[in-house]
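For the single chain, residues carry numbers from 1 onward in sequence order. Every heavy atom of this structure was used, including side-chain atoms; hydrogens, water molecules and symmetry mates were not. For ligands, and for the atoms within them, numbers begin at 1 and follow the listed sequence.
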Amino acid sequence: MEKGIAKAYELVSSSNEIVVLTGAGISAESGIPTYRGQEGLWRNYDPHELATPEAFFKNPKLVWEWYDSRRAIMKNAKPNPGHFAITALEKEKRDFTLITQNVDGLHFAAGTRNVIEIHGSLWEIKCTECEKIEKNYQVPIPELPPKCDACGGVMRPNTVWFGEIIPMERIDRCLFAIEQCDLLLIVGTSGVVEPTASMGLIAKKSEKPVVEINIEITPGTGLYDASVMGKSGEILPLLVESETSRNRM
Ligand code: APR
């Protein structure tokens, strides 16, 4: 076994209370584009024109068209072995929390239950007037922008945009889970967007081991206890498979 994987395996196997933090990389093998990197969304689209409150109020239809096209990709996407390995971990461990920055809903589709969607969900829409939130799985949405059935206001995607504050209760839940855990496993995030970017260091400060899985180095590589270079859909099943067979022995 390569040194990084061996250490990661040892830490995953010996942990009882695990927090997993995921980013766009976990869904890359499901065909969902990441934000940064060579094929990243932010290479071809300007986030300031599509993912800010100002952009939405200037041109809600344009913003919705972009979100509608992303929903079409996500609707056809299936969870990959990385998502399923995380679900298996949840079943094995005494305590488990998944913090995801992803808005695609694939962790739920894979059966993971204790999920904090820190940036919200593309499958929820929220009224800009009365703040009513509803689930919406229509693809495409017939009329853009959709209107609130309670007050007629314009509905927006219930995601956190640049320049917006993440609800404090969500951050508290993440920090509480990290405080209680005995391992933080960080998967497929570039580690450049706060507050998640700092969660690895927060865990380290509380003397929790941190393992990272990514196809490239990140600002945290070298600071964590193990960094495994590879695709999450290949590495995670290896870690969990070994763990499953160990428990059967
Ligand atoms: N396995 C593991 N890691 C991968 C894989 C893979 N198959 N494919 C890509 N990666 C890694 C990349 O190397 C990169 O470090 O996933 C990371 C994706 O980084 P970003 O595109 O920046 O995604 P993320 O970290 O989730 O972005 C954070 O930025 O714009 C926002 O709101 C958006 O939630 C998002 C936030």
Shortest reach to atom 2 (C) of ligand 1 by a heavy atom, considering only Pro47, Ser27, Gly40, Ser232
Ser232

Filtering Ala51, Ser190, Ser30, Gly23 for the heavy atom nearest atom 20 (P) of ligand 1 leaves Ser190

Identity and distance of the protein heavy atom lying nearest atom 35 (C) of ligand 1:
Tyr35 CE1, 3.5 Å

Nearest neighbour in protein (non-hydrogen) for atom 30 (O) of ligand 1
Trp42 NE1, 2.8 Å

Does only the side chain of Glu29 get under 4.0 Å from ligand 1, or the backbone, or both, or neither? Count heavy atoms.
side chain

Does either side chain, that of Thr189 or that of Gln101, offer a donor lying less than 3.5 Å from an acceptor on the other one?
yes

Under 4.0 Å from a heavy atom of Phe162: which atoms of ligand 1 are those, numbered in the order shown and with their elements?
30 (O)

Check ion pair Arg94-Glu17 (N to O, under 4.0 angstrom)
yes

of all protein heavy atoms, closest to atom 25 (O) of ligand 1 is Thr189 OG1, 2.6 Å

Location of contacts on Ala28 toward ligand 1, heavy atoms closer than 4.0 Å
side chain

For atom 28 (C) of ligand 1, find the nearest protein heavy atom and state the residue, atom name and distance (0.1 Å precision).
Gln101 OE1, 3.4 Å

With heavy atoms only and a cut-off of under 4.0 Å, state how His119 meets ligand 1: side chain, backbone, both or neither.
side chain

Between Lys58 and Glu54, is there a salt bridge with N-O shorter than 4.0 Å?
no

Hey, is Glu124 close enough to Lys126 for a salt bridge, meaning N to O under 4.0 Å?
no

Give a yes or no answer on whether the side chain of Lys78 reaches the backbone of Ala110 with a donor-acceptor pair at less than 3.5 Å.
no

Should the pair Lys132-Asp149 be classified as a salt bridge under the 4.0 Å nitrogen-to-oxygen rule?
yes

Is Asn214 touching ligand 1 with its side chain, its backbone, both, or neither, if touching means heavy atoms under 4.0 Å apart?
both

Short question: side chain of Glu29, backbone of Lys231 - any donor-acceptor pair under 3.5 Å?
no

Any non-hydrogen side-chain atom of Trp66 less than 4.5 Å from a side-chain atom of Glu49?
no

Taking Leu62's backbone N and O only, do any of them form a donor-acceptor pair with Asn59's side chain (distance below 3.5 Å, no angle check)?
yes

I'd like to know if Gly230 contacts ligand 1, where contact means a heavy-atom distance under 4.0 Å to any ligand atom.
yes

Look at atom 27 (O) of ligand 1 and say which protein heavy atom is nearest, naming residue and atom and giving the distance to 0.1 Å.
Arg36 NH1, 3.2 Å

What salt bridge (Lys or Arg N to Asp or Glu O under 4.0 Å) pairs are there with at least one residue in residues 208-218, not counting sequence neighbours?
none

Heavy-atom nearest neighbour in the protein, as seen from atom 6 (C) of ligand 1, with distance rounded to 0.1 Å
Gly25 O, 3.5 Å

Hey, does the side chain of Trp64 reach the backbone of Met155 with a donor-acceptor pair shorter than 3.5 angstrom?
yes

Atom indices of ligand 1, in the order listed, that fall short of 4.0 Å to a heavy atom of Gly188
3 (N), 16 (O), 17 (C), 18 (C)

For atom 36 (C) of ligand 1, the option (of Ile235, Val193, Thr22) bearing the nearest heavy atom
Val193

Check each atom of ligand 1 against the heavy atoms of Glu216 and keep those under 4.0 Å away; list them by number with element.
13 (O), 15 (O)

Protein residue, atom and distance nearest to atom 23 (O) of ligand 1, heavy-atom basis:
Ala24 CB, 3.5 Å

